[in-house]
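Working notes, structure below.
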Amino acid sequence: MKIATFNINGVRARIETLTGWLSEAQPDVVVLQEIKTQDEGFPRESIADLGYNIQTHGQKGFNGVAILSKLPLEDVSRGLPGDDGDEQARYIEATVVGHRALRIAGLYLPNGNPQPGPKFDYKLAWMERLRARAKALLATEMPAVMLGDYNVIPEPRDAAFPEKWVNDALYQPESRAALRRIVFDGWADAVRLRHPASTRGPFTFWDYQAGAWQRDNGIRIDHVLLSPQAADLLIDLGIDRDERAKDKPSDHVPVWIDLDA
DNA sequence: ATGGTGGTGTGACCA
């Protein structure tokens with residue numbers, strides 16, 4: 001089962017980018033971030049035409065996440081538990097039933113800039129809520145995958161120029177420590193499983209500005225975390241870097257895994 | 001030191 005994450009940066013503006021990639025890559029399950037639309041504005045038809053079931057958790061203008069799946073989606077839940085007052089659409093979960101059942105969590109972690117400030121505080125609080133939810137998923141002992149745009153650069157080798165990020169929320173010691181705490185509870189970072197010795201990258205995001213793509217000035221912020229039961233099923237992993245060079249690209253590229261599920 | 005690009009929706013915010 002091929003499962004991917006893609007921050008699409010506006011699904012209506014980039015519907016042809018998305019359908020072109022779906023047709024080529026043929027993922028079974030995709031979590032999308034930054035759909036930037038309410039549920040009723042989501043371009044369902046052109047995605048359903050490719051054989052996908054669609055579950056959205058949209059918001060007007062900003063944020064918004066979705067799950068697309070060629071297999072049926074069950075027990076869908078929207079929103080990250082732990083704060084009933086949180087209005088931002090950044091989290092969706094569902095169960096996908098292949099020959100095994102898998103729990104999929106698609107997330108768009110807060111950017112947190114500028115830091116310090118209320119947005120950074122929201123990021124760190126959101127990460128504590130994510131850790132609690134992640135622990136609950138581990139406790140089920142069901143194969144689980146938590147993937148999406150984490151907006152955290154884990155280590156210096158995850159940036160082309162780490163020194164440029166020292167004042168950025170994505171690279172603060174607090175952000176990095178919060179991600180480590182989640183991972184150390186029992187998750188595997190799938191990209192690092194497959195690229196353990198790389199001293200530079202691989203990257204998943206290149207800014208639109210200043211020729212970042214042309215200079216390969218990238219960062220790794222889109223992550224795939226696997227529960228132990230899911231890690232046991234890992235067959236393959238890829239980062240569709242070529243998508244960044246195409247017309248009307250997102251600033252992120254898809255990251256995918258193939259699971260024996 | 002700088003939002004230089006891009007989406008949303010028509011102001012100004014978000015990344």
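All chains are named by letter (A, B, ...) in the order of the sequence lines, taking the proteins before the strands, and each is independently numbered beginning at 1. Just the heavy atoms: all of them, side chains too, but no hydrogens, waters or symmetry mates, feed the values below.
Remark: D189(A) pairs with R220(A) by the salt bridge (charged side-chain N to carboxylate O under 4.0 Å, His left out) rule, at least two apart or across chains. For D185(A), the salt bridge (charged side-chain N to carboxylate O under 4.0 Å, His left out) criterion is met by R131(A), not counting sequence neighbours.
Sequence order on DNA chain B of the closest nucleotides to A210(A) and D149(A) puts A210(A) first from the 5' end. Nearest-nucleotide mapping onto DNA chain B: of I35(A) and K119(A), the residue sitting toward the 5' end is I35(A).
Around CG of D242(A), the count of heavy atoms belonging to other residues, nucleotides or ligands within 6.0 Å does not exceed 12.
Under a 3.5 Å cut-off, the side chain of K123(A) and the backbone N or O of N111(A) do form a donor-acceptor pair. A donor-acceptor pair under 3.5 Å is formed between the side chain of N53(A) and the backbone N or O of S69(A).
With rounding to whole Å, I8(A) atom CD1 is found 18 Å from dA15(B) atom P. One atom, NZ of K164(A), and another, P of dT2(B), lie 13 Å apart when rounded to the nearest Å. Rounded to an integer number of Å, the gap from CG of L170(A) to P of dA15(B) is 10 Å. At whole-Å resolution of the value, OH in Y208(A) and P in dT5(B) are 13 Å apart. Following rounding to the nearest Å, Y108(A) (OH) and dC14(B) (C1') show an atom-to-atom distance of 7 Å. If you take CZ of F62(A) and C1' of dC13(B), they are 5 Å apart, rounded to a whole angstrom. In this entry the distance linking CG of L32(A) with P of dG7(B) reads 16 Å, nearest Å. Remark: P of dG7(B) and CG of D207(A) are 13 Å apart, rounded to the nearest angstrom.
Comparing dG9(B) with dG4(B), their P atoms are spaced 23 Å from each other, to the whole Å. Comparing the C1' positions of dT10(B) and dA1(B) gives an interatomic distance of 30 Å, to the nearest angstrom.
Both key distances under 3.5 Å define a Watson-Crick or G-U pair, and stretches of 3 or more such consecutive pairs in DNA chain B run B:5-8 with B:12-15.
Nucleic acid contact class of A13(A) (heavy atoms, under 4.0 Å, all strands): sugar-phosphate only.
Taking side-chain N and O atoms only, R14(A) has a distance below 4.0 Å to OP1 or OP2 of dG7(B). For K36(A), no side-chain nitrogen or oxygen approaches OP1 or OP2 of dG6(B) to under 4.0 Å. In this structure, R90(A) reaches the dA15(B) phosphate: one of its side-chain N or O atoms is under 4.0 Å from OP1 or OP2.
Of the N and O atoms on the side chains of Y208(A) and N9(A), at least one donor lies less than 3.5 Å from an acceptor on the other residue.
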For this session: Decide yes or no on side chain to side chain donor-acceptor pair (under 3.5 Å) for Y171(A) and D158(A), but give the supporting numbers first.
Result: CA-CA 10 Å; Y171(A) 194 57; D158(A) 295 311; over 6 Å; no

